[in-house]
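Convention: sequence-line order gives letters A, B, ...; per-chain numbering from 1.
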Amino acid sequence: MLQLKKVSFSYGGTPVLKDFSLTVEDGQAVCLQGESGCGKTTAIRLLLGLEHSLFGVISAPERISAVFQEDRLVENRSVQRNLLAVLPRTRWPDTRHLNALLNSAGLQGMAHRRVAGLSGGQKRRVALLRAVLYDGDALILDEPFNGLDRDSKLRCAQLVQEMFLQKGRPVLVVSHMTEDAVLLHAQTVKMVRQSVEEQ
Amino acid sequence: MGKLKKYQIPLKNGISTVFWLAAWQLAAKTVPENLAVFLPGPFAVFRAFCKLLPQPVFMQAVGATLLRIFFGLATGCLTGFALGVLTSQFSAVDTVFSPLLRIIRAVPVVSFIILAFLFISSDRLPAFIAFLMVTPLLWQTAHDGLRSADLRLLEMAKVYRLSRFRTLVEIRLPLVASQILSAVVSAVGLAWKSGVAAEVICTPAVSLGKAIYRAKGSLAFDEVYAVTLVVVLLSLFLEKTVKWIWTKLTVGEKGVR
């Protein structure tokens, strides 16, 4: 379960979240929507442990898979190397498993391609595959389907369904696109400045 | 058009080389007779070069100098890189070593040669001097590069719970790889310049530095230029070798069982 309970947070005196609460149950997908600057990214940064709040309760699993707003890949390394970077050597998959995973995201034959040479959509899918391969106990996605065509979005949504939701793990998505919530069968939560209202 | 473009760069280089050789020849011809011995023309230098090459003693000197410079370069690169990694990761190591490395970088090479000659044999001194010149260069590059890693990638490493060592290997080092290669290529030239200067001053028995010193003593300046040409060619050879090794090391990344 991912949970923020009455959490308040401010950046250098500017309040971003005030008594903010959100719960994503195991096996549930929640899509967080709202205008820019309302604190969506701050909420996920708190859950990922990248920011710390003195007020409220945050509960999240230790191992969380994440796809950030930017791809955050090492550009001068290969796709394969970027994927394996987040795993301990003892958990590295065999070639067949890795190729199957690449195929499922429409990245067949790209294991040894340098990330710098990939298109924006391909990089996005590598970032998502990295999260899937890490196999965290929860998944947090920030604008995950940016730059993807309809077919790629469907493939990626299916991967998230199979690897996280069907295994009973919570998924939190931040997206401006209502379509993303529909693809992931996610419950939409609209966030407004310093509060939250559920649809 | 495509074919023409292919030959454009070699053609430009060829024209430039011919221009400078012609300028050199002209300068050699116009220099006053009493100074002509100090500026032989390119043909005289080439003749001296061809005369030196088949001599076993000269080839021994080439081998010995190449070995010394390569040893100083390799140990300097490895030490500088290792120190760069350590000083970028541990502030205590940074506090101890950084001032020393900055001083080494600022001290004139000739001071080091004269001081080190008191303690180190002439055979080993050139390698030591090359080592001293190369180490701070690699240290600074590795240190600065590793310190200025992309914060967003470091956040990703934190979320994925990578250890300090894995973060270094998987994120920080790949980001500085191209800077390290540039530093190593610059280090090749630096190692040759400082190493041969040390050889000229301390004259090891078998060395190109001694060949330069001896030729200068007997006013055979065509030979001085010819040995210098050999040093330039060896430096280019070592530079190409370093780039080749780097390509072999970085292409074809492995990682799946």
ask   = Is it true that atom CZ of B/Phe165 has more than 12 heavy atoms of other residues, nucleotides or ligands lying nearer than 6.0 Å?
value = no
key: Residues from residues 57-75 of chain A approaching chain B under 4.5 Å (heavy atoms)   = A/Glu62, A/Arg63, A/Ile64, A/Ser65, A/Ala66, A/Phe68, A/Glu70, A/Arg72, A/Leu73, A/Val74
ask   = What closest approach, in Å, do B/Leu162 and A/Val86 show between heavy atoms, and which atom pair accounts for it?
value = CD2-CA, 3.7 Å
ask   = If you look at every heavy atom in A/Leu84 and B/Arg166, which pair is closest and at what distance?
value = O-NH2, 3.5 Å
request  = Let me know if A/Leu83 has heavy atoms under 4.5 Å from chain B in its side chain, its backbone, both or neither.
outcome  = neither
query = For the residue pair A/Asn76 and B/Pro174, what are the closest heavy atoms and their distance?
reply = ND2-O, 2.5 Å
ask   = Relative to chain A, which segment of B/Arg152 carries a heavy atom at a distance below 4.5 Å: side chain, backbone, both, or neither?
value = both
A/Lys167 atom NZ, neighbour heavy-atom count above 12 within 6.0 Å = yes
request  = Give a yes or no on whether B/Phe70 atom CZ has more than 12 heavy-atom contacts from other residues, nucleotides or ligands under 6.0 Å away.
outcome  = no
Neighbour count >12 (heavy atoms, 6.0 Å) for atom CZ, B/Phe71 = no
request  = Write down the atom of A/Gly49, the atom of B/Lys158, and the distance for their closest heavy-atom approach.
outcome  = O-NZ, 3.5 Å
Chain B contact via A/Ala131 - which portion, at a heavy-atom distance below 4.5 Å = both
request  = Under 4.5 Å heavy-atom distance to chain B, tell me which part of A/Arg45 shows up: side chain, backbone, both or neither.
outcome  = side chain
